[in-house]
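In this text the structure is predicted, and so the values were computed from the model without any measurement. Proteins get letters first, then strands, A, B, ... in listed order; numbering begins at 1 in each.
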Protein chains: 2
Amino acid sequence: MARWQEGAAGRLQAAALRLYAERGYEQTTVADIASEAGVTARTFFRHYADKREVLFAGSERLRDGMLAALEAAPATATPMEAVAAALDASTVFLGRDHEHSRLRMSVIFANAELLERELIKMASIAAAMAEGLRRRGVPARDASLAAETGTVVLRVAFEQWVAGPPDGSLPDLMRATLVRLTEVTAAR
Amino acid sequence: MARWQEGAAGRLQAAALRLYAERGYEQTTVADIASEAGVTARTFFRHYADKREVLFAGSERLRDGMLAALEAAPATATPMEAVAAALDASTVFLGRDHEHSRLRMSVIFANAELLERELIKMASIAAAMAEGLRRRGVPARDASLAAETGTVVLRVAFEQWVAGPPDGSLPDLMRATLVRLTEVTAAR
DNA sequence: GTATTCGATGTCATCAAGTGACATCACTGG
DNA sequence: CCAGTGATGTCACTTGATGACATCGAATAC
């Protein structure tokens with residue numbers, strides 16, 4: 001157990017978000033963040049692999065939660081139904097703190113490097129879901145299409161939720177967006 | 001006009017791909033690439049913004065070509081039909097050199113940083129297509145869904161083509177993948 | 001033909017990201 | 001009270017990336 005000053009990781013996270021929002025990502029050095037959190041730069045890198053990762057900690061839990069929901073779907077479910085279950089599960093992690101999400105997203109969208117990281121996190125979620133679907137016997141191409149399409153719905157719905165009122169329902173938006181997707185793709 | 005040694009940009013590109021493939025992206029320094037191309041590291045950064053970008057030069061042309069095709073689609077076309085036209089156009093740029101594409105993709109998939117860049121290039125294409133659709137009067141959410149879905153089809157089809165035989169038809173794969181997507185999303 | 005101009009490159013200095021090696025300090029268990 | 005453990009600090013170093021300035025070769029003007 002640590003007894004120096006509890007919660008260095010959390011302090012670094014909060015300091016990073018604040019500084020990135022205040023003066024921009026590129027104008028903030030790791031040394032700034034660390035000193036703001038009362039530690040040294042070396043300690044920053046012991047908690048987070050790089051300067052971007054500090055905004056993305058915990059995304060493994062989101063991925064695992066979605067994967068568990070996908071795997072818990074009934075064997076009779078179609079690929080998209082299993083993905084829909086995962087999307088429902090995601091709202092538990094994502095739909096928690098509207099204001100925090102709004103600030104975090106505004107920081108991420110303001111910088112290409114951070115957006116890159118966001119995208120690869122989504123891609124890793126898609127890859128995990130695709131593999132989960134393949135384990136259920138879904139053909140590889142169908143699995144990729146369903147999983148990637150799912151993350152499209154997730155992104156679009158989440159962005160709408162973040163841009164909307166603080167009391168909006170992310171689960172409702174998620175479901176409505178999924179329905180809308182089927183309509184848009186069907187229209188040919 | 002430059003008269004020192006024509007084509008420094010091209011030499012840097014070729015050297016980078018070769019070295020990244022031979023010894024890996026992280027094991028290759030910019031100095032290595034530059035000296036291989038007969039220039040200095042400083043010159044590398046005059047041609048490419050960073051160490052990754054050297055593998056992604058020309059992606060603006062792909063984006064512009066797809067956007068032009070999307071805008072050239074008849075006004076009566078549905079959003080997905082316009083996106084389909086853009087996908088068709090993309091094959092002209094992407095389906096050219098199978099072996100080069102295979103090598104490039106193997107390098108990109110071997111490194112998370114390069115994959116990040118690949119993803120953001122796709123995202124910028126999606127954003128451009130979504131904006132093009134909105135200019136056609138498509139509601140914002142539908143535009144995002146159609147455009148992002150389009151890049152999903154593009155990725156899945158392209159990966160299949162790269163993994164397949166050298167004489168495979170990318171346009172055929174692209175169209176078949178799009179059809180398959182509508183089937184997968186419709187099955188609920 | 002020579003001078004001038006301009007663009008591409010080289011050189012140098014510097015900062016920031018990231019990493020490895022090792023010391024240190026506070027607490028914990030015996 | 002002491003050894004051990006884990007988190008942190010310190011130091012040195014590599015590499016990516018950028019700004020400032022010098023230089024060199026070719027095209028063009030004269």
Enquirer: Looking at B:His47, does any N or O in its side chain come under 4.0 Å of the phosphate oxygens OP1/OP2 on C:dT9?
Expert: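 So the side-chain polar atoms of B:His47 do come within 4.0 Å of the phosphate oxygens OP1 or OP2 of C:dT9, strictly under.
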
Enquirer: Tell me what B:Ala31 touches on the nucleic acid: a base, only sugar-phosphate, or nothing, going by heavy atoms under 4.0 Å.
Expert: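 Nothing, no heavy atom under 4.0 Å.
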
Enquirer: Indicate whether OP1 or OP2 belonging to C:dG10 is found under 4.0 Å from a side-chain N or O atom of B:Thr40.
Expert: yes

Enquirer: Between C:dT19 atom P and A:Phe45 atom CZ, what is the distance in whole Å?
Expert: 7 Å

Enquirer: Please state how far atom OH in B:Tyr25 lies from atom P in C:dG18, giving the value in whole angstrom units.
Expert: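 It works out to 12 Å between those atoms.
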
Enquirer: Is there, by distance only and without an angle test, a donor paired with an acceptor across the side chain of B:Arg42 and the base of D:dG19 below 3.5 Å?
Expert: yes

Enquirer: Between A:Arg134 and A:Glu131, is the closest basic N to carboxylate O distance under 4.0 Å?
Expert: no

Enquirer: Please report the distance, rounded to the nearest Å, between CZ in A:Arg52 and C1' in C:dA16.
Expert: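 After rounding, the gap between these two atoms is 14 Å.
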
Enquirer: Does A:Ala49 reach a base, just sugar-phosphate, or nothing at all? Heavy atoms under 4.0 Å.
Expert: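 Answer is sugar-phosphate: A:Ala49 comes under 4.0 Å of backbone atoms only.
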
Enquirer: Could you check how far CG of A:Leu12 sits from P of C:dG18, rounded to whole Å?
Expert: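 After rounding, the reported distance stands at 14 Å.
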
Enquirer: Does a side-chain N or O of A:Thr43 approach OP1 or OP2 of D:dG9 to a distance below 4.0 Å, or not?
Expert: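 Yes.
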
Enquirer: Is it true that B:Leu67 and B:Ile125 fall in one hydrophobic cluster, defined by side-chain heavy atoms closer than 4.5 Å?
Expert: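 B:Leu67 does not cluster with B:Ile125.
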
Enquirer: Please state how far atom CZ in A:Arg46 lies from atom C1' in C:dG20, giving the value in whole angstrom units.
Expert: 10 Å

Enquirer: Looking at A:Phe56, is A:Arg104 sitting on its ring face, NZ or CZ under 6.0 Å from the six-membered ring centre and within 45 degrees of the normal?
Expert: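 Geometry flag: set, cation within 6.0 Å and 45°.
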
Enquirer: So, are A:Lys121 and A:Glu53 salt-bridged, with charged N and O less than 4.0 Å apart?
Expert: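 Yes, this pair counts.
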
